[in-house]
Amino acid sequence: MKIGIVGLGLIGGSLGLELRSRSYEVFGVSRSEETCQVALECGVADRASTELALLASTEAIFICTPLGAIIPTVQQLIPSLMPETILTDVGSVKTPIVEAITPLWSNFIGGHPMAGTAQQGIHAAQRDLFAGAPYILTPTEATPTEATQKLAEIVKSLGSTVYFCSPQHHDRAVAWISHLPVFTSASLIAACCHETDSTVLKLAQKLASSGFRDTSRVGGGNPELGVMMGRYNRQALLRSLFQYRQSLDQMIEYIEEENWLALRQILETTKAARSQFL
Ligand code: NAP
């Protein structure tokens, strides 16, 4: 089966490596000749080009560009496609993408692999990125079942676990567990930077260890991704952020009041609840 990938960065490049290892024939499209060359040398694609026309004979295409470029890329791609070609994207927000592309291409299914690293670009591509990770597909009532089944088979072959849901439910769920953590983690780093005593700040920087590494990781990632989350998932993200602020205010209140019993109860509840997410 011939599979196309547009945007040979972390996710697109990793998909290429993985799909080729599963005997799919991968056709990659990049904006730069240099990336096409790297893609061929690193085994990300069997064929690579800067022209979307390369994908004319492919049966399924993954759009792996940043969120803001997904819809324009599909608009440019459509004239080159066979009518039965399945289109999907990997963007971390689904509602605006699915609403814009579904009327343009009936065989479109929104997708989102819950996998990534803090790196970007083709050199960040790696094997096994999707193994064991959830991969969400958001077909609509109008999506042909056969297209959804074919795409689900490809995704399962990556070693991912497929989940189906509506684009709206996807966006609200990822606002909690993926987008909110980026902003709370970034706020943590920003708050620490407000220490005015340079001796204390330098000492804190030297002492930072595994706890700080865990809690600051997603706040220290690709800034462009965070901006896209805020821009394209604004409503759901704000809802989560407002709730987070409320939870934080509650803890501040208990500490100010020296209400150690109430504080303990909250921390007992969060300790027990964490295992339901992980
Ligand atoms: P990335 O490493 O920066 O790769 C994106 C690639 O898209 C770039 O390498 C570039 O490839 C191409 N591109 C960049 N700007 C473009 C533009 N204006 N127009 C067309 N193509 C452009 O980023 P990524 O992490 O792989 O993210 C790609 C998509 O995956 C995003 O939609 C993101 O929401 C989603 N996603 C990311 C993660 C994560 O943790 N990183 C996880 C799940 C989903 P060429 O140089 O080959 O053109």
Side-chain angles (χ1 to χ4, degrees), residues 4-19 26-42 44-45 47-52 54-55 61-77 87-98 100-101 110-126 128-138 155 158 160-163 167 170-171 173-175 177-179 181-182 185-186 217-233 236-237:
I5 298 174
V6 185
L8 304 177
L10 166 69
I11 300 291
S14 302
L15 265 175
L17 288 173
E18 206 62 51
L19 290 168
V26 174
F27 290 33
V29 173
S30 165
R31 292 163 308 161
S32 92
E33 290 285 0
E34 198 187 325
T35 305
C36 290
Q37 204 49 44
V38 176
L40 295 172
E41 284 164 13
C42 300
V44 158
R47 293 178 61 187
S49 170
T50 54
E51 302 293 330
L52 289 168
L54 176 76
L55 307 182
I61 299 172
F62 288 77
I63 312 291
C64 301
T65 67
L67 274 168
I70 292 173
I71 297 165
T73 301
V74 169
Q75 285 165 335
Q76 276 178 277
L77 184 60
L87 265 189
T88 186
D89 73 307
V90 296
S92 42
V93 180
K94 295 276 58 86
T95 308
I97 305 278
V98 174
I101 301 180
H112 180 198
M114 298 298 296
T117 69
Q119 310 301 314
Q120 60 186 124
I122 193 159
H123 293 290
Q126 61 181 68
D128 292 330
L129 188 67
F130 309 101
Y135 197 121
I136 302 129
L137 295 180
T138 62
V155 166
L158 302 169
S160 300
T161 307
V162 182
Y163 292 91
H170 166 275
D171 291 351
V174 297
I177 51 79
S178 178
H179 300 176
V182 168
S185 174
R217 186 177 64 82
V218 290
N222 180 357
E224 189 59 24
L225 273 181
V227 174
M228 292 294 161
M229 289 168 183
R231 199 167 155 188
Y232 289 92
N233 203 18
L237 175 63

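Atoms within each ligand, like the ligands themselves, are counted from 1 in listed order. The first residue of the sequence shown is numbered 1, and numbering continues consecutively from there.
Between Phe130 and Tyr135, the ring planes lie tilted relative to each other; the angle falls in the 30° to 60° range.
The distance from the OG1 atom of Thr50 to the CD atom of Glu34 is 13.0 Å, given to the nearest 0.5 Å.
Between Met228 and Gly68, the closest heavy-atom pair is SD-N, 3.9 Å. Between Gly111 and Thr88, the shortest heavy-atom contact is N-OG1, 3.8 Å.
Among the candidates Val98, Thr138, Leu237, Asn233, the single residue satisfying the side chain to side chain contact (heavy atoms under 4.5 Å, CB included) test with Asp171 is Asn233.
Each of Gly7, Leu8, Gly9, Leu10, Ile11, Ser30, Arg31, Thr35, Cys64, Thr65, Pro66, Leu67, Ala69, Val90, Gly91, Ser92, His112, Pro113, Ala115, Gly116, Gln120, Gly121, Leu225 has a non-hydrogen atom positioned under 4.0 Å from some atom of ligand 1.
Checking side-chain atoms of Ser14 against main-chain N and O of Gln126 turns up a donor-acceptor pair under 3.5 Å.
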